[in-house]
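Read the structure below first, then the notes.
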Amino acid sequence: DTAVSQTPKYLVTQMGNDKSIKCEQNLGHDTMYWYKQDSKKFLKIMFSYNNKELIINETVPNRFSPKSPDKAHLNLHINSLELGDSAVYFCASSHPGLAGYEQYFGPGTRLTVT
Amino acid sequence: AQRVTQPEKLLSVFKGAPVELKCNYSYSGSPELFWYVQYSRQRLQLLLRHISRESIKGFTADLNKGETSFHLKKPFAQEEDSAMYYCALPGAGSYQLTFGKGTKLSVIP
């Protein structure tokens, strides 16, 4: 069973479009994250949600809006896509407490903006 | 401020040679440190954490508080070890991880 899943796996779209990436975890974790991995493989956190509430919002353009309908889902909506948004986006989840820093990652969504 | 430094972007070694991936950190308090690995086109996954002091896939990492380092080591590299390796420590926020910039390990057959 897949622990953290993302859809779609690949997303190719044009500048100016709006797109969404979905993430689901079946681990019963309370905390979910979105990361961006750029072409140089730098991994940077974008958002973190705990029990459907936003707890981290790094310096990310407000074109990016996360939405958490329930504890198991954290979706990422991106408006007015730009070339610089091309990257691999990873969703992750973790359980609070002592193991809170062990994060389980999804397979990634490779976004290409043309 | 919490910071993780991985000085090498790329490390190439021959199969069977020892491997050491460097990680230095800056952290106030007692850090909990991790190594994550990402094989080609796969998801990032936890390799090991210093608190468990275990060896995973032949890799070990010792926390050296004096040198503020958490280097990842393996005595004999295998081709399947080729991957991106990220060192990480807790960030400023709850359950936030700060990742280093990663080191790409390439094991030459």
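By convention in this document, chain letters (A, B, ...) are assigned in the order of the sequence lines, proteins followed by strands, and residues within each chain are numbered from 1. Because only heavy atoms are used, hydrogens play no part in the values below, and waters and symmetry mates are left out as well, while side chains stay in.
- Residues A:Met32 and A:Phe47 fall within the same hydrophobic cluster, defined by Ile, Leu, Val, Met, Phe, Trp and Tyr side chains chained together at heavy-atom separations under 4.5 Å.
- A:Phe90 and A:Val113 end up in different hydrophobic clusters when Ile, Leu, Val, Met, Phe, Trp and Tyr side chains are linked at under 4.5 Å.
- Closest approach of A:Gln37 and B:Tyr86 over heavy atoms only: NE2-OH, 2.8 Å.
- Aromatic ring centres of B:Phe99 and A:Phe42 lie farther apart than the 6.0 Å criterion allows.
- Looking only at side-chain heavy atoms (C-beta outward), B:Arg41 and A:Arg110 come within less than 4.5 Å of each other.
- A distance of 10.5 Å separates NZ in A:Lys41 from CG in B:Leu44, rounded to the nearest 0.5 Å.
- A chain of hydrophobic side-chain contacts below 4.5 Å, direct or via other Ile, Leu, Val, Met, Phe, Trp or Tyr residues, connects B:Leu21 to B:Leu33.
- Linking Ile, Leu, Val, Met, Phe, Trp and Tyr whenever their side-chain heavy atoms come within less than 4.5 Å puts A:Phe105 and B:Phe34 in one cluster.
- Counting heavy-atom neighbours within 6.0 Å of A:Gln14 CD, excluding the residue itself, gives a total of 12 or less.
- Rounded to the nearest 0.5 angstrom, A:Gln103 CD and B:Leu46 CG are separated by 10.0 Å.
- One N or O on the side chain of B:Arg43 and one on the backbone of A:Val4 form a donor-acceptor pair closer than 3.5 Å.
- The hydrophobic cluster containing B:Leu48 also contains B:Leu63, counting ILVMFWY residues as joined when their side-chain heavy atoms lie under 4.5 angstrom apart, directly or transitively.
- Comparing B:Gln38, B:Lys104, B:Lys9 by heavy-atom pairs within less than 4.5 Å of chain A, the highest count is held by B:Gln38.
- Side-chain atoms of B:Tyr36 and A:Glu102 include no donor-acceptor pair closer than 3.5 Å.
- More than 12 heavy atoms of other residues, nucleotides or ligands shown are found within 6.0 angstrom of CZ on A:Arg63.
- If you measure heavy-atom distances from A:Ile45 to chain B, the contacts under 4.5 Å come from the side chain alone.
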